[in-house]
Amino acid sequence: MDKDQIDKIIEKYPSDPSSLIQVLLEIQSENHWLPKEAIERVSERLQVPLNRIQHIATFYKAFSLVPKGRHEIHVCVGTACHVRGAQRVLDRVQDLTGITPGETDLDMKFSLETVNCLGCCALGPVMVIDGEYHGKMAPAKSEEVLKAVE
């Protein structure tokens with residue numbers, strides 16, 4: 001992500017610290033992570049100390065300071081999903097992608113995360129890929145869903 005792209009995002013918002021989270025969210029959305037150069041530019045333009053941005057970027061799970069894959073997979077392992085077989089779904093996703101939760105594959109295609117609840121317990125087990133919810137998952141169904149995004 002170059003300086004001009006970052007500046008275009010920043011210019012959409014008021015030039016003050018109150019815009020920080022919105023600016024970071026948009027950079028994260030476009031780039032799939034927050035590169036050091038982007039954080040430094042935001043710090044400079046919004047006049048927010050770097051350590052404050054670092055604190056926010058590490059506090060909120062929506063932000064990543066390491067590169068993420070083009071497709072982000074979230075598997076719910078909360079109670080309702082767990083009792084309906086979320087671990088089997090997670091195991092299958094790990095087998096298919098070759099990564100474990102918190103990792104990104106070498107091709108930068110997939111990133112995998114587990115979450116404690118997605119708020120749609122009646123559909124459990126639930127998997128979200130790139131913001132699209134897939135309910136009543138089973139290992140075979142998770143394979144179909146992953147192949148569809150390839």
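Residues take their numbers from the sequence shown, with the count starting at 1.
Between the side chains of E103 and T100, at least one donor-acceptor pair of N or O atoms lies under 3.5 Å.
Contact of the K136 side chain with the R84 side chain is not registered, since no non-hydrogen atoms from C-beta on lie closer than 4.5 Å.
Other residues, nucleotides and ligands contribute only 12 or fewer heavy atoms inside 6.0 Å of the CD atom of Q47. Within a 6.0 Å sphere centred on CZ of R70, other residues, nucleotides and ligands contribute more than 12 heavy atoms. Within a 6.0 Å radius of CG in N116, other residues, nucleotides and ligands contribute 12 heavy atoms or fewer.
For E44 and R41, the salt-bridge test passes: some basic side-chain N is under 4.0 Å from an acidic carboxylate O.
V66 and L24 are assigned to two separate hydrophobic clusters, defined by single-linkage of ILVMFWY side chains at heavy-atom distances under 4.5 Å. Under the 4.5 Å side-chain contact rule for hydrophobic residues, V23 and L50 share a cluster.
What you find for V89 and S142 is that their closest heavy atoms are CG1-CB, 4.0 Å. Considering every non-hydrogen atom in both L46 and S19, the closest pair reads CD1-C, 4.3 Å. Heavy-atom minimum distance, Y13 versus Q22: CE2-CB, 3.7 Å. Counting all heavy atoms, side chain and backbone alike, K61 lies closest to T114 at NZ-O, 3.6 Å.
Annotation for Y133: hydrophobic cluster partners, listed by chain and number, are V115, L118, L123, V126, V128 (ILVMFWY side-chain heavy atoms under 4.5 Å, direct or chained).
Ring geometry for F59 against H55 counts as parallel: the plane angle stays under 30°, on a 0 to 90° scale with 60° as the upper cut.
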